[in-house]
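Following: one structure in structure tokens, then a few remarks.
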Protein chains: 2
Amino acid sequence: MVSEALTPERILEATEEVLRRYGPSKATVVDVARALGVSHGSVYRHFRTKAALREAVTQRWLDRTSELLAPLTTERGPAEERLDRWLKTLFEAKRRKAGDDPELFATYTVLTGDMSAVVDGHIDDLVGQLARIIEDGRREGVFVSESIGFPSEAARAVFHATGRFHDPAYAAEWSRPGIEDDFASVRELVLRGLRA
Amino acid sequence: MVSEALTPERILEATEEVLRRYGPSKATVVDVARALGVSHGSVYRHFRTKAALREAVTQRWLDRTSELLAPLTTERGPAEERLDRWLKTLFEAKRRKAGDDPELFATYTVLTGDMSAVVDGHIDDLVGQLARIIEDGRREGVFVSESIGFPSEAARAVFHATGRFHDPAYAAEWSRPGIEDDFASVRELVLRGLRA
DNA sequence: CGGATGACAGATATTGAAATCTGTCATCCG
DNA sequence: CGGATGACAGATTTCAATATCTGTCATCCG
């Protein structure tokens, strides 16, 4: 055979490339097939619909962020510091994605807008990571244990309170001057709120 | 004369009505003039451009919220309680607007998207109100005075941390179950963060 | 036989000609 | 004379015809 076997992974790679080039409204399944040198029928063998293909490629994109952050939840060290670093790393990763490849970032922002289920799952992942760090902090005694419910509730609160610094809806603000100070203030406020 | 004199206020009233009916993309200056029974040239006597008309009507809409909240900043009583009430009142007002007249709310959400200057001014208004309450709290000794800078910085942090519960970008989430609990968690986190 | 193909029907998007809108201004009216 | 009008030019939007795309499936090929 002249090329590698047609796998879901290769299709997703090509899909991302086509999305980057044409954007979410003009990228078609035919384009993806053309990029791979196959007929569009072959793509439909691996993904039932165009929507399923888009979901898979979006999932993959979101998972890359989860995987980047996962190590920070199992590290040793003071929970407070790890939480702060987790938040900074998330913001830095998002901002880099938005800044380095604005077309692709805008594309995925549009795609996620049509996929609340995928996004909710991703948020659950991230909130779960936060909850683990907060739980460590409670065990260490540095984070409060009454007053704010389960770690998962506190984690949701932290995630929502810092939304401005990771939610794509705010991407335009991430390059404004003063955003670093704003982020530092919110982190300070949130960490103070968690402290015992 | 068969009708009242043509004033900016009457034009803004008609503009809002036309926006409600036709939405931001289809509402035209001609429609506004028609609603008032005048020629569109007369509208241009009071507003230099369509953009200026839209800015004015949006400003008016945002100001209604500022005016609703202003009384809470001058009331007497514990600052902590007033801050909590201010946040709840803001959320309740936004949610009511979004729920009672979704068309108009969606319309204004689109309009504000093209008017960062007007929006920034509105945010400055609201942050200023928050700063006044926080300053009262510091004077009372219930809010922390070091560690988070000026009241205006703390106020910005509080405003951003609660964005999910007043930013129109999140309007779709305001009717989800559990939003009340999420809001209560974030308020608790933020208030704990401010406490001395 | 398992996987790839491309013709096809119905749904969606593109295009360019016609209609409407924005903003100006000479003219009109009370 | 101050304010309202509507004709007008250029910009923008609409609409319907045309082209492309999605998803299926009978057929083909190694």
Side-chain angles (χ1 to χ4, degrees), chain A residues 1-59 103 106-107 109-111 113-115 117-118, chain B residues 1-59 103 106-108 110-111 113-115 117-118:
Chain A
M1 69 187 61
V2 70
S3 65
E4 292 299 306
L6 190 60
T7 61
E9 182 55 28
R10 282 190 63 221
I11 294 173
L12 291 178
E13 199 60 57
T15 302
E16 186 166 286
E17 183 51 32
V18 166
L19 280 168
R20 191 200 319 279
R21 257 226 274 291
Y22 301 112
S25 62
K26 292 210 261 179
T28 71
V29 176
V30 172
D31 290 329
V32 173
R34 200 179 0 252
L36 289 163
V38 300
S39 75
H40 73 282
S42 298
V43 173
Y44 279 101
R45 175 163 304 279
H46 296 272
F47 295 94
R48 261 209 319 278
T49 64
K50 182 186 187 181
L53 176 58
R54 290 181 160 209
E55 263 189 31
V57 79
T58 303
Q59 182 79 254
E103 321 278 314
T107 290
T109 301
V110 170
L111 290 184
D114 299 331
M115 293 179 200
V118 172
Chain B
M1 70 186 65
V2 69
S3 64
E4 291 298 305
L6 190 59
T7 61
E9 182 55 29
R10 281 191 63 220
I11 293 173
L12 291 177
E13 198 60 58
T15 301
E16 186 166 286
E17 183 52 30
V18 166
L19 280 168
R20 192 201 316 277
R21 257 226 275 289
Y22 300 112
S25 62
K26 292 211 263 178
T28 72
V29 176
V30 171
D31 289 329
V32 173
R34 203 184 352 258
L36 289 162
V38 301
S39 75
H40 72 282
S42 299
V43 173
Y44 278 100
R45 173 161 305 279
H46 296 271
F47 295 93
R48 261 208 322 274
T49 63
K50 183 186 185 181
L53 175 58
R54 289 181 161 208
E55 262 188 32
V57 78
T58 303
Q59 182 81 252
E103 322 277 316
T107 290
Y108 277 119
V110 170
L111 290 184
D114 300 331
M115 294 179 198
V118 171

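Values reported hereafter were calculated over all heavy atoms of this structure, with side chains retained and with hydrogens, waters and symmetry mates removed. Note that the structure is predicted; figures quoted are calculated from it, not measured. The chains referred to below are lettered A, B, ... by the order of the sequence lines, with proteins before strands, and numbering in each begins at 1.
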Residues in residues 39-52 of chain B with a heavy atom under 4.0 Å of DNA chain C, by number, are His40(B), Tyr44(B), Thr49(B), Lys50(B)
If you round to the nearest 0.5 Å, how far is CZ of Phe47(A) from CD of Glu55(A)?
-> 11.0 Å
How long is the gap from OG1 on Thr107(B) to CG on Leu19(B), to the nearest 0.5 Å?
-> 6.0 Å
Sort out for me which residue in Thr28(B), Leu36(B), Val30(B) forms a side-chain contact (heavy atoms from CB on, under 4.5 Å) with Val32(B).
-> Leu36(B)
Near-strand residues of residues 14-29 of chain A, defined as heavy-atom separation under 4.0 angstrom from DNA chain D | Thr28(A), Val29(A)
Please check if the side chain of Arg54(A) supplies one atom and the backbone of Pro24(A) the other of a donor-acceptor pair under 3.5 Å.
-> yes
Whole-Å distance separating the CG atom of Leu53(B) from the P atom of dC21(C) = 15 Å
Grab the two heavy atoms, one from Ala35(B) and one from Val18(B), that are nearest each other, plus how far apart they are.
-> CB-CG2, 4.1 Å
Student check: side-chain heavy atoms of Val57(B) and Tyr108(B) closer than 4.5 Å = yes
Please test Arg10(B) against Glu13(B) for salt bridge (Lys or Arg N to Asp or Glu O under 4.0 Å), starting from the C-alpha separation and ending with a verdict.
-> CA-CA 5 Å; Arg10(B) 281 191 63 220; Glu13(B) 198 60 58; over 6 Å; no
Heavy-atom closest contact (His46(B) atom, Ser42(B) atom, distance) = CD2-O, 3.4 Å
Return the minimal non-hydrogen interatomic distance between Glu103(A) and Arg20(A), and the atom names on each side.
-> CB-O, 4.3 Å
Gap between atoms CG and C1', on Leu6(A) and dG3(C) respectively (whole Å) | 10 Å
Send over the distance from Asp31(B) CG to dG23(C) C1', rounded to a whole Å.
-> 16 Å
Which heavy-atom pair separates Lys26(A) from Asp31(A) by the least distance, and what is that distance?
-> O-OD2, 3.4 Å
Dot-bracket, DNA chain C: Watson-Crick or G-U, under 3.5 angstrom, [ ] crossing, | other strand?
-> ||||||||||||||||||||||||||||||
